[in-house]
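Since the structure comes first, as structure tokens, the remarks are kept for the end.
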Amino acid sequence: MTESGVRETKPAAVPRENYAPMWADDGGVRQRPPLVGDERDILTSYLEWRRATFELKCSGVPAERLSERTVPPSGMSLHGLIRHLAGVERWWFHLQFAGERTPMLHYSDEDPDQDFDDLSGDPAEALAVWREQCEYSRRIVAGAPSLDATGTHAASGEPVSLRRIMVDLIAEYARHNGHADLLRERIDGATGR
């Protein structure tokens, strides 16, 4: 018995077929986050898992179909999500954490939703930009002395820790991976976690 009076038992075994199916064509690109590790390893591996999941949901889709808005009335598309997440990587890691003076991607005060609205560019080029932003973000995270290192939160002017930024990005990718699930399933029926 535990201190709270709950009897300690092992969780019941769940048959493997009752778990949500994994992405059909993972190809080993995703490394499962560890069950045990220090905080930095756990956060980094979960963010990598989410990034790889997003890329899988976009893989194998013909370029012209990435721009389809398949879940009306939403204006989202996989192409728009690619553009949006490239901008998110730059916004949080490059601009706010590292304090770089570089233009925002797919945003202006006059046209704040151009990441989703303007799909005139090449989706393959957008995917390459997203990958570059992710790689640059990885270098920023690797170079930070600790998760307590801070940048400047743009909306408040207050310090924001790398820890908070990583949690925010994990949540951002998790949310948009859900959107990508629906968009991809409508394109070709592909599903999985």
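No side-chain donor-acceptor contact under 3.5 Å links R186 to the backbone of V71. For the pair N177 (side chain) and R50 (backbone), a donor-acceptor distance under 3.5 Å is present. When atom types are taken as modelled, the side chain of T44 and the backbone of D41 share no donor-acceptor pair closer than 3.5 angstrom.
Applying the side-chain hydrogen bond (donor to acceptor under 3.5 Å, both in side chains) rule to D113 yields no partners; only residues at least two apart in sequence or on another chain are considered. Residues satisfying the salt bridge (charged side-chain N to carboxylate O under 4.0 Å, His left out) criterion with E132, sequence neighbours excluded, are absent altogether. The side chain to side chain contact (heavy atoms under 4.5 Å, CB included) search around E185 returns T191, not counting sequence neighbours. Taking the ring-ring contact (aromatic ring centres under 6.0 Å, His included) definition, one finds that Y46 meets it with nothing, sequence neighbours left out. Qualifying side chain to side chain contact (heavy atoms under 4.5 Å, CB included) partners for S146, counting only residues two or more places apart in sequence or in other chains: D148. Residues satisfying the salt bridge (charged side-chain N to carboxylate O under 4.0 Å, His left out) criterion with R40, sequence neighbours excluded, are absent altogether. Take H106 and apply the side chain to side chain contact (heavy atoms under 4.5 Å, CB included) test, not counting sequence neighbours, and it matches R83, Q114, D115. Contacts of R51 classified as salt bridge (charged side-chain N to carboxylate O under 4.0 Å, His left out), with partners at least two apart in sequence or in another chain: E48, E89. Every residue meeting the side chain to side chain contact (heavy atoms under 4.5 Å, CB included) condition with E172, not counting sequence neighbours, appears here in chain and number order: H84, L85, V88, R175, H176.
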Check: Can you list the steps and then say if F93 with M166 is a side-chain contact (heavy atoms from CB on, under 4.5 Å)?
Finding: CA-CA 9 Å; F93 288 115; M166 291 186 75; 4.3 Å; yes

Next item on the list: Let me see the working for F116 and L81 under side-chain contact (heavy atoms from CB on, under 4.5 Å), right down to the final yes or no.
Entry: CA-CA 7 Å; F116 290 112; L81 285 172; 3.7 Å; yes

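The number of heavy atoms from other shown groups lying within 6.0 Å of OH (Y136) does not exceed 12.
The minimum heavy-atom distance between A98 and I140, with the atom names listed, is CB-CD1, 4.0 Å. Scanning both residues, L78 and F54, for their nearest heavy atoms gives O-CZ, 4.4 Å. In this structure, I42 and P34 approach most closely via the heavy-atom pair CD1-O, 3.5 Å. Between Q96 and A154, the closest heavy-atom pair is OE1-N, 2.7 Å. Minimum heavy-atom separation, C134 to Y173: SG-OH, 3.7 Å. The shortest heavy-atom contact between S59 and R184 is O-NH1, 2.7 Å.
Placement of L56 and L169 in two distinct hydrophobic clusters is found when ILVMFWY residues are connected by side-chain heavy-atom separations under 4.5 Å, directly or transitively. Hydrophobic clustering (side-chain heavy atoms under 4.5 Å, transitive across Ile, Leu, Val, Met, Phe, Trp, Tyr) keeps I170 apart from W49.
In this structure, S45 OG and R32 CZ are separated by 11.5 Å, a value rounded to the nearest 0.5 Å. Atoms CD1 and SG, from I82 and C58 in turn, are 4.0 Å apart once rounded to the nearest 0.5 Å. To the nearest 0.5 Å, atom NE2 of residue H153 and atom OG of residue S161 are 11.0 Å apart. Distance CG/L147 to CZ/R163: 5.0 Å, rounded to 0.5 Å. Atom CZ in F97 sits 11.0 Å away from atom OG in S137 (nearest 0.5 Å). Interatomic distance, OG1 of T150 versus CD of E158, reported as 11.0 Å (0.5 Å rounding).
In this structure, L119 and R69 have side chains that are in contact, with non-hydrogen atoms separated by less than 4.5 Å.
Among pairs with a residue in residues 95-111, none fulfils salt bridge (charged side-chain N to carboxylate O under 4.0 Å, His left out), at least two apart in sequence or across chains. Identified under the salt bridge (charged side-chain N to carboxylate O under 4.0 Å, His left out) test for residues 116-129, with sequence neighbours left out: none.
Membership of the apolar cluster around L105 extends to V129, as traced through chained side-chain contacts below 4.5 Å between ILVMFWY residues.
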